[in-house]
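All remarks here apply to the structure that follows.
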Amino acid sequence: MQETRRTPRLSKSRFQLGLQCAKGLWLKCHRPELADPIDESQQAIFDQGTEVGRLAQRRFPGGVLIDEPYYETASALESTARALEAGAPALFEAAFEADGVLVRVDILNRVGSQKAYVDEAVGATTSSSGGTEAISLAGGEGERRRVAGTFDLVEVKSSTKRKEEHVTDLAIQRYVLEKCGVGVDRALLMHLNHHYIYQSGEHDPLQAFAFDDATEDVSLWLPEIPSRLAQMCEMLAGEMPEMTIGRHCSHPYVCSFHGFCHQGLPEYPVTELPRKGRDLLDQLIREGIWSIKDIPEHYEDLTKTQRRVRRVVVEGRPWFSETILEILGGLRYPLYFLDFETLHPALPVYAGTHPYLQIPFQFSLHVLERGESVASSGTEPDDDILDEEASAKISCSLGRLTHHEFLWEEPTDPRPALIPALLDALGTEGSIIVYTHFENTILRYLAEAYPQYAEQIEAVQGRLFDLEKEVIREHTMHPEYRGSTSIKHVLPALVPELSYDDLAIDNGDVATLRYVSAVFGEASEGERQKIFKDLKEYCGRDTLAMVRLLEAVYRSKIT
DNA sequence: CAAATGACGGGGCCCAGGTT
DNA sequence: AACCTGGGCCCCGTCATTTG
């Protein structure tokens with residue numbers, strides 16, 4: 001009989017992964033090299049989490065940081081034991097191990113430890129029931145009895161609300177702590193406080209966070225833990241488990257083996273059906289249907305859009321609705337094509353803003369004047385035929401196209417300069433074409449923050465026309481959309497000669513990252529100028545893409 | 001005639017997917 | 001991560017028709 005294989009050590013994050021997908025956990029333990037590389041945007045999210053974590057620690061002055069990195073387990077365990085022994089009032093990143101599971105605890109706060117923890121700022125927190133409640137970190141009057149010698153277990157989250165997966169995150173930690181003989185009084189989530197308004201200088205760790213007591217929900221999960229752990233260990237000792245692809249590949253987290261598990265799919269895989277409900281993918285795969293082409297024509301469980309996708313994929317050619325020119329006939333010249341780039345830091349960087357508030361620092365605006373050859377004013381909605389013909393001509397004789405742009409290059413709040421520049425460039429007449437309601441949301445935030453402009457901004461909002469919703473999503477379909485109506489998918493399908501491939505910045509997330517590094521980072525002047533140039537090219541490409549898309553849609557109906 | 005059954009539709013909730 | 005929106009779905013109330 002072979003010696004029992006050494007059980008791979010689990011960790012908090014591996015436990016969470018195991019709950020999401022057995023195969024994912026198996027791969028993580030046995031074939032970690034197959035994971036997708038971590039991209040820049042993901043890394044930025046991790047970094048942001050670290051920064052929030054550091055601020056959270058300042059909420060517990062006198063706390064002891066166990067600062068061994070994750071791979072120096074033995075040393076971290078020792079340091080933790082020493083700090084506990086020494087009576088540290090709080091521990092950060094404390095390490096514990098039990099049942100082959102290693103956890104590092106964000107914050108472990110000794111109950112009733114010292115005056116410093118008496119809560120002056122009682123966080124108003126959003127509980128799962130939606131109400132707000134006060135949570136005190138010290139034992140005050142009228143509170144339930146606190147068990148001496150125990151700790152509050154605190155998990156810091158950069159989100160502002162509790163999510164399902166946060167509970168199991170705390171549960172596995174509590175399980176390990178108790179196995180190690182550390183009494184846990186409460187299991188708390190420490191979220192960013194959405195209502196925190198940044199003043200200036202250092203962030204205020206008292207105001208910036210809101211606590212959410214998850215003790216009850218955690219205790220409901222606790223009895224589950226041993227059996228789940230046993231299952232995982234058994235699974236890990238065997239061969240790679242069979243798992244089909246499905247919702248668990250991206251819920252609650254996008255799996256790092258997504259790429260590995262999605263290899264070898266057919267050219268138009270069923271995973272690319274848009275807006276799949278919870279069960280559709282499972283159902284199709286169970287029936288052995290992997291390609292959209294193999295879905296029977298009258299398959300019942302497809303939505304209207306999914307049927308459209310099936311049809312264009314099977315027929316191999318795009319579809320444009322019959323009424324598309326009527327929709328476009330509603331546009332008023334001159335046509336403005338608007339796109340914002342924004343910043344939305346977890347921890348605010350401008351005074352008066354709250355966590356995650358989206359702040360525009362750049363816009364691009366293409367303006368299309370009516371073509372000269374077109375006499376029609378386009379204001380006779382009662383004559384469809386004429387209107388359509390007029391519209392068609394417009395597309396052919398693309399009028400004069402001009403471009404405006406704005407980019408704030410200082411580390412100060414861009415909005416006071418951006419708003420007047422935007423209002424000026426937009427004038428008072430003509431449709432403003434945007435891709436999704438995103439720009440509308442930003443305009444609303446601007447109006448809220450700067451009431452002196454509210455009226456003008458609202459007028460602008462009234463002129464918005466959502467190209468993605470009103471035209472692309474409702475009236476077109478193309479096999480190469482690949483199940484997505486995002487502009488990054490739609491442009492190569494309808495305007496193959498125009499792409500983002502030649503740009504140094506080719507998506508919004510990276511644009512934000514680059515901007516932050518240029519304005520707040522240590523970039524040299526040369527690097528800053530390069531980034532500003534790249535940003536202008538990127539944002540300008542987004543609006544140009546909308547111009548060309550509109551043109552392509554017109555063309556589809558007149559040739 | 002009163003009660004039961006069924007069709008319709010509004011309200012609320014969740015999900016998916018778009019933007020940064 | 002937040003936010004927004006539309007579609008799908010379920011629940012439930014209302015009203016009309018059928019049934020005892």
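To find a chain, count down the sequence lines: A is the first, B the second, and so on, and within it residues start at 1.
No engagement by A:Asp466 is indicated, since no non-hydrogen atom pair under 4.0 Å with the nucleic acid exists. A:Tyr445 comes within contact range of the sugar-phosphate backbone alone, with a heavy-atom separation under 4.0 Å but no base atom that close. Within the 4.0 angstrom heavy-atom criterion, only backbone atoms of the sugar-phosphate kind lie near A:Glu341; the bases stay farther away. Counting non-hydrogen atoms under 4.0 angstrom, A:His251 reaches the backbone sugars and phosphates but no base. Nucleic acid contact class of A:Thr305 (heavy atoms, under 4.0 Å, all strands): none. No engagement by A:Tyr253 is indicated, since no non-hydrogen atom pair under 4.0 Å with the nucleic acid exists. A:Leu357 comes within contact range of no nucleotide atom at all, as no heavy-atom separation falls under 4.0 Å.
Contact of the A:Gln362 side chain with the A:Trp408 side chain is not registered, since no non-hydrogen atoms from C-beta on lie closer than 4.5 Å.
Whole-Å rounding puts the A:Asn440 CG to B:dT20 P distance at 15 Å. Protein atom NE2 of A:His248 is 17 Å distant from nucleotide atom P of B:dC15, rounded to whole Å. Rounded to an integer number of Å, the gap from A:Ile442 CD1 to B:dG18 P is 18 Å. What separates NZ of A:Lys304 from P of C:dG8 is a distance of 8 Å, to the nearest Å.
Picking from B:dC15, B:dG17, B:dT20 the nucleotide with the shortest atom distance to the side chain of A:Arg247 gives B:dC15. Nearest to the side chain of A:Arg444, among C:dC3, C:dG6, B:dT19, sits C:dC3. If you check C:dA2, B:dG17, B:dA16 against the side chain of A:Tyr356, the one that comes closest is C:dA2. When distances run from any side-chain atom of A:His437 to the nucleotides C:dA2, B:dG17, B:dA16, the shortest one goes to B:dG17.
Listed here is the closest heavy atom pair of A:Val156 and A:Ala56: CG2-CB, 3.6 Å. Of all non-hydrogen atoms in A:Asn193 and A:Gln207, the two that sit nearest each other are ND2-O, 3.1 Å.
A sub-4.0 Å separation between OP1 or OP2 of C:dT5 and a side-chain N or O of A:Thr436 is absent. Put simply, A:Lys163 has a side-chain N or O that comes within less than 4.0 Å of OP1 or OP2 on C:dA1. Regarding contacts with the backbone of B:dG18, a side-chain N or O of A:Thr485 is found under 4.0 angstrom from either OP1 or OP2.
A side-chain donor-acceptor contact under 3.5 Å links A:Tyr299 and A:Gln283.
No donor-acceptor pair under 3.5 Å is formed between the side chain of A:Glu155 and the backbone N or O of A:Val105.
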